[in-house]
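Reading through the structure tokens given below for one structure.
Below, chain A is the first sequence line, B the second, and so on; all start at residue 1.
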Number of protein chains: 2
Amino acid sequence: MVTDKGGRHRNPLAALGEFIQKKGLKHSRQRDAIARAFFAMGGHVPVDALVARVREQDPRVSVATVYRTMKLLAECGLAVPRRFGEGQTRYEPSTRRHSDAHDHLICTSCGEIVEFESDRISELQLRVARRHGFEIDRRRVELYGRCSDCRRGTSKGESIA
Amino acid sequence: MVTDKGGRHRNPLAALGEFIQKKGLKHSRQRDAIARAFFAMGGHVPVDALVARVREQDPRVSVATVYRTMKLLAECGLAVPRRFGEGQTRYEPSTRRHSDAHDHLICTSCGEIVEFESDRISELQLRVARRHGFEIDRRRVELYGRCSDCRRGTSKGESIA
DNA sequence: TGTCATCTTGATAACGATTATCACTATCAA
DNA sequence: TTGATAGTGATAATCGTTATCAAGATGACA
């Protein structure tokens, strides 16, 4: 096992290898290249950007393969798919120090994405849900607005929804 | 003006009429039918369901027209587009008593959607955002889980993310 | 009431992201 | 080395939504 106590992966590439083995799948140059590129990029990577990055090394990897590989990474818990306002799916590595139950602040003008986590907020949400008879197993919290840099650049503050 | 002090519309159809007039647009049988159907349905209406409903009255309205009309309703603040987990856009009437800054509880097994609102949660979110230099103007909070009915039906509780 | 500029409509092509298909290739245990 | 099986690339297909465009409806004004 290449995962530590918290279930997080010290070495994602090795973890992927294990998963492939365990499932009776096969290793491949492409999967390795895609996974490497993905973890090298970090952040919240749109698939097309990942395709571009991978193709710098090997121009003939197919988009289909990249999609397939990202599904694989998601399946084994090394990546988490996210959908923000746009149409595309972004993948986020889940090898981080913090848990993956974090939320996102998204700057609508420069696209910056900041992660945050608040136990108090989560706690309140669970409580509200419980009050309505719900048992929550997945949350999606996205706050859209403008980061300090962007506000500085233009007319100061707008409305707060 | 057909809006009350809160900016909410007593009579959405009339409000739409005003908007059309003000913008120099034109009234049409289709727009009227679509708006009527939409407000009659209530809730969180997927476009295809709305198309079906409208076609019960007038089978020849085009999907394009329904999409166009919903954009119009969104533009004049009578409807709010929402995107939950699925691929499609749902529209929600904003003629309700409560403000439109509410959040959603979504049952992943029966699809039920419950709205809730928590000033404390919103307040905490704004505070966290401010701490990161963000000024929020749009939020998206969706809690996915299982409603009480659905949990009753099958094996009791699952994980809490 | 008729005219005419302008807006709307319906049918359908186009779109963008993602998935399915399929012939061909690579992997790996024996 | 072989053979069974999984993976790949190219591309067609899908799905929700938008763009296009010829034809039809609307409404201010004469």
Notebook entry, point to check: Under a 4.5 Å cut-off applied to non-hydrogen side-chain atoms, are B/Phe38 and B/Leu73 in contact?
Noted result: yes

Margin query: If you apply the rule salt bridge (charged side-chain N to carboxylate O under 4.0 Å, His left out), what do you find for B/Arg146 with A/Asp137, and how did you get there?
Written below: CA-CA 8 Å; B/Arg146 310 184 63 211; A/Asp137 51 57; over 6 Å; no

Note to self: Please check: side-chain N/O of A/Thr69 versus main-chain N/O of A/Arg31, any donor-acceptor pairing under 3.5 Å?
What the structure shows: no

Next item on the list: For DNA chain D, note the earliest and the latest nucleotide, 5' to 3', having some atom under 4.0 Å of a heavy atom belonging to chain B.
Entry: D/dG16 to D/dG27

Check: What parts of residues 54-61 of chain A reach DNA chain D, counting only heavy atoms under 4.0 Å away?
Finding: A/Arg60, A/Val61

Notebook entry, point to check: Nearest-Å distance, CD1 (B/Ile34) to P (C/dT9)?
Noted result: 7 Å

Margin query: Walk along nucleotides 18-30 of chain C from 5' to 3' and tag each nucleotide B, S or - by protein heavy-atom contact under 4.0 Å, base first, then sugar-phosphate.
Written below: SBBB-----BS--

Check: So among B/Glu86, B/Arg82, B/Arg90, which one has a side chain to side chain contact (heavy atoms under 4.5 Å, CB included) with B/Pro46?
Finding: B/Arg90

Next item on the list: Please state whether the rings of B/His132 and A/Phe116 are parallel, tilted or perpendicular, taking 30° and 60° as the class boundaries.
Entry: tilted

Next item on the list: State plainly whether the residues B/Arg152 and B/Asp149 are in salt-bridge range, i.e. N to O under 4.0 Å.
Entry: yes

Notebook entry, point to check: Does A/Arg140 pair with A/Asp103 as a salt bridge, N-O distance under 4.0 Å?
Noted result: no

Notebook entry, point to check: Do B/His104 and B/Phe84 make the cut of ring centroids closer than 6.0 angstrom?
Noted result: yes

Check: Is there a donor-acceptor contact under 3.5 Å linking the side chains of B/Thr89 and B/Arg83?
Finding: yes

Next item on the list: Ignoring backbone atoms, test whether B/Ser62 places a side-chain nitrogen or oxygen under 4.0 Å from the OP1 or OP2 oxygen of C/dA11.
Entry: no

Item checked: Any donor-acceptor pair under 3.5 Å from B/Thr65 side chain to B/Val61 backbone -> no

Next item on the list: For B/Gln30 and C/dC7, give me the distance from atom CD to atom C1', rounded to whole Å.
Entry: 12 Å

